[in-house]
Amino acid sequence: MLKGKSIFTVLNWLCSIMASLFLVLSVSGAAEVKFPTPSYEGEELAKVREWEKTWVGKRVTTANLDQVKDLLMDGVYHIMKNPKDFGAADEIWFEVVPYREYKLSSGLIESTHKYAPQAKLDENLSLINYGKVAGIPFPQPDIKDPVMAGTQAAWNFDSFTHGDATYLFGEPMNIVDCRTRLERSAGQIRWMMFWSGRTDLPPKPELPKNKRKVHRTFFQRNTAPPDFADTTILEVKYQDTTRDCDLWIYTAMFRRIRRYSTKQRSDMIDGTDQIYDDHDGWYTHINLNTYKLVGQRDLLLSRHQEDTHKSLSRKTGQGFWNGIQRERVKCWVVEGVNKDPNYIYSKRIWYLDPENWQMNAQEMYDQQGRLWKIMEMLYDEYKMEEAEGMVTVTNGEHTLDLIRRHGSVGQSKIYTVGKSLNKKIFSIANLQQLTY
Amino acid sequence: MKQKISLFLTLCVVFLLMSHNAWAIEFLDGKIRIKGRLEQFMILKVNIPHEDRWAQKHNIGVNQSIFTFEGLFNLVDNDTLLINLQSYFRWYYDSATDLDHRYRDSFDRRYLNRRIKTNRWDADDWVNELYLDAYSGPWNIRLGKQVVSWSEVEMVRTIDKINPLDMRYSTPGIEPFEEIKMGLWMLRLFYNSDLPGNLIFETIFVPGDHERSRVAVEGTWMAGPPAPGEFRGPGMRGILDQWWDDCEVPFSLKNYKFAFRIRGNSEVFLFKTPYVLDWTLSYINTLDDSLAVTDNWDLANEYLTSYAIDRVTGKKTFASERERYFAILQGEIPGPIPDERIWHFRRYELIGGSLQTYVPPLGSVLRGEISFELGRKWNKVDRTKANRMVGGIGDYVPGITERNMINYGITLDRPVFIPWYGNRMQRWGVRPCWDITLGFFQGYYLGNVSRTWRVSDGYGDRSQTFFTFMLRGGFRHNEFIPVIRAKYNTRNFGYISPAISYMPGKHLRFETGFLWFWAANDPEAHREAKGEDLDALFFKVRYEY
């Protein structure tokens, strides 16, 4: 039987153990939710700033390209080294701008701190409670296991909602044959909204009355070419990661709302260089691929591209933008291989931003393992209208087919970010309204 | 002089549009948006029999110049009310008969409108649509001339029967229905409810603008060969055109058309798989626009026999037949076609429904629709009468009867990815998938049909069955889009049409293809039912603005 001093000793031990446990858990918990995660800190940042003293404000062209070769994706280097092959009259150039850390929204930070500690993947490497949680689930991927880390990085990418709702005008979106210099143009007004996994706009993390368990909706009204003007598209992605998206298209030419199959996601989008999966980098369920973390890479990519209608330029027939404002960023490099053995790409390489996990760039390889396409998305930070803080949205992009020398280039005017959109926008009834 | 001014103005518009970029043209900060096209459409017949050369020297069957203008004018736009004026104007001129004097002379003058060189032209034909489009809360009112699309399937229509069709220049399947529908002046009301299924209620009231369908008359491309002999009057299709002219009703409330539709969207589970169903239920109460009946038997028979005699008393080729018919009729040749009104369109009702859904196990979209036509009126025939030898069109008509009819159609759409092909071809800018659409359609007459007179298909069957097929791909990033369309009736008639369109830039569009028709009928016994005479190459050049 314990008496006097013994009781005190046991209690003392228990308290010590409890205190140690608390300390360990607090430290480990704090480590798990370290967020935001700047691209560069401390000594690394100092080195970048030193490098920027030489390069910021400089125009990089074919002539001085080799000096920054290590900071460019192979595809970008190849295109800039052979500008005439990609439709340029003389040269393709970009401008170096200083690295700036993203000012993440308080909603994203809070959601990440709230939900990340509980984030787990199931045996199929799918995110448990997908749609019911929000924020970046794995701010510090488990780099000891490349497969786990790559998968976690992919879920991080999927979880960034760009302010939950976006309304923009993509025009012009051009399909460019760099060899013949022939172009076709399209214009699209787009509304996108997350119904679950919301971080910034209340209600969070999910809209009420979401009986069909919608994850995200996308509505697009075409403004060009003339024969496609007022053709509208509604796409619904569900939380159920085994469920195909639903797609409705109102074809103005035929005055009819029709359902379309989304099964063949390898099909090209309206003759562009993108397939349906490529939209916004990756536009469907994360668990259709297997992933592997390749590592981290220092690259020059566009994260703060000013008004693309002023800052970007190109000649007719040029499939790659001039005037991209590139800054240093240390990306997470993730390799994705589709589970379908007949998939059109043998692999994709994603370059994910370490701060908000957006996809800055992507490389696609053909079945023979050759680099086939590159895709770069140009971002800028926009103030949210109904939520606190800033988020990034793509305001320009280009996708280049390196083998066929063909490109798809686009610019966008961002109308609203982080502003609630009426659910009725994403309704079948809306497909046919206000059209010719 | 007027023509020169028109040509000058057209050229000015063309140059103005060509200097514009690829977007729909906007004025007043987007309050006015316009778009449209200039198009040249040519049909080159490839199978003109020698005996029909008297009616056509060259092979051009159609040479239409088309100009369309679509406008959206934003009249009111505030927090509670939005009013737009929508318009779709379409002018055309067919110069085929200008280029071929034989072609021009082969038409009865009554069937050759001077302005458009075709058999019928109403003053408001160029206005395909013109309506006010007002939105307030859940309400949407559309008032004016409109084209309504209620169908889910293509190539055959079952419930989409608000607007009549103009089938003088094309046929459903080759052109979309929307291109061959004629607008009607109507009131259309929508209510977008918040009820489960997001129900949309739609009501249409056409207060008397009844238009008949239009068919090509003998000698024109879509009608097939000219009437037998060097007969410049109407043939089998021409007489149909005359009947429908005879049926024409004034703009009056009693000739109203009423239609109602509910559209919903529901999710159901089948074997634990969710299906999102888009469904509609519809009702139409309308005067017929393509089936004419008569209750004046004596006059109708006189009319038919007169017509039949006219038709078969051709000169050279059919001299022997003429003698045969004279013998059958024992020399009783009736007088000219009477002037009195004989034919009428009668009212019938239609109840229908449609459904479309994505079927996950098949990766396909399934569409289906069904219609139940109630109380459609038909004339009776008495096949024992002597003049039946003149042909189905001359059968005796002792009365009117009613028959109900069920039509249904199912299509399955699926983009098919062929792994070996898709993976390799996309590197060359070839679309890796081919869209395939398979369709099956059937129509059933309910009740005895042995004594009903049906000129719509002419076969006297109780049912008819169609299969349809469409295959569409893409080359050079969809600059070239090849399409094959086919339609097959189990009575062994139909068509196959391979075509390819080319979109080289922002505005210009080219399309060419071949139309191969066939019909099972013995061309000697049923001359006008020949399909082969429709075989043609077609060319379209469009400038979209």
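So you know, we letter chains A, B, ... as the sequences are listed, proteins then strands, and number each from 1.
Both the backbone and the side chain of Ile344(A) come within contact range of chain B, with heavy atoms under 4.5 Å apart. Looking at Arg405(A), there are no atoms closer than 4.5 Å to chain B (heavy atoms on both sides), in backbone or side chain. Interface residue Tyr88(B): only side-chain heavy atoms are found under 4.5 Å from chain A. With a threshold of 4.5 angstrom between heavy atoms, Asn198(B) does not approach chain A through any atom at all. With a 4.5 Å cut-off on non-hydrogen atoms, Ile275(A) touches chain B through its side chain but not through its backbone. Proximity to chain A (any heavy atom under 4.5 Å) is shown, for Glu179(B), by neither the backbone nor the side chain.
Between Asp194(B) and Lys423(A), none of the side-chain N atoms (NZ, or NE/NH1/NH2) sits under 4.0 Å from a carboxylate O, so this pair counts as no salt bridge. Using a cut-off of 4.0 Å between Lys/Arg side-chain N and Asp/Glu carboxylate O, Arg243(A) and Glu267(B) are scored as salt-bridged. One finds a salt bridge joining Asp177(A) and Arg476(B) here, because a Lys/Arg side-chain nitrogen approaches an Asp/Glu carboxylate oxygen to under 4.0 Å. A salt bridge links Arg33(B) with Asp230(A); the closest basic N to acidic carboxylate O contact falls under 4.0 Å.
Of all the listed residues (Ser364(B), Pro360(B), Gly474(B), Ser149(B)), the one sharing the greatest number of non-hydrogen pairs under 4.5 Å with chain A is Ser149(B). Here Arg263(B) is the residue among Arg263(B), Arg542(B), Arg37(B) with the most heavy-atom pairs under 4.5 Å with chain A. Ranked by non-hydrogen atom pairs under 4.5 Å with chain B, the options Asp273(A), Asp401(A), Asp340(A), Ile403(A) are led by Asp273(A). Interface remark: of the candidates Pro341(A), Ala429(A), Ser427(A), Ala429(A) forms the most heavy-atom pairs closer than 4.5 Å to chain B. Across Arg414(B), Met503(B), Arg509(B), the residue that shares the most heavy-atom pairs under 4.5 angstrom with chain A is Arg509(B).
Within 6.0 Å of CZ in Arg472(B) there are 12 or fewer heavy atoms belonging to other residues, nucleotides or ligands. Heavy atoms from other residues, nucleotides or ligands lying under 6.0 Å from NZ of Lys211(A) number 12 at most. Within a 6.0 Å sphere centred on NZ of Lys419(A), other residues, nucleotides and ligands contribute 12 heavy atoms or fewer.
Of all the heavy atoms in Ser261(A) and Pro415(B), the pair that sits closest is CB-CD, 3.7 Å. Closest heavy-atom contact between Val276(B) and Tyr238(A): CG2-OH, 3.7 Å. Tyr502(B) and Leu182(A) make their closest contact through OH-CD1, 4.3 Å (heavy atoms, listed as atom of the first residue, atom of the second, distance).
Between the side chain of Glu544(B) and the main chain of Pro226(A), no donor-acceptor pair closer than 3.5 Å is present. Arg259(A) places no side-chain N or O within 3.5 Å of a backbone atom of Leu277(B) that could act as its donor or acceptor partner.
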query: Run the side-chain contact (heavy atoms from CB on, under 4.5 Å) check on Ile428(A) and Asp278(B) step by step: do they pass?
result: CA-CA 9 Å; Ile428(A) 295 164; Asp278(B) 302 320; 3.4 Å; yes
message: Does Arg258(A) form a side-chain contact (heavy atoms from CB on, under 4.5 Å) with Asp413(B)? I'd like the steps, not just the answer.
response: CA-CA 11 Å; Arg258(A) 312 206 81 198; Asp413(B) 289 15; 4.2 Å; yes
message: For Asp435(B) and Tyr260(A): C-alpha separation, side-chain torsions, deciding distance, then whether side-chain contact (heavy atoms from CB on, under 4.5 Å) applies.
response: CA-CA 10 Å; Asp435(B) 294 322; Tyr260(A) 282 84; over 6 Å; no
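If you check the side chains of Asp244(A) and Tyr358(B), you find a donor sitting under 3.5 Å from an acceptor. Side-chain polar atoms of Arg404(A) and His477(B) form a donor-acceptor pair below 3.5 angstrom.
Within the 4.5 Å cutoff, side-chain heavy atoms of Arg184(A) are placed close to those of Asn478(B).
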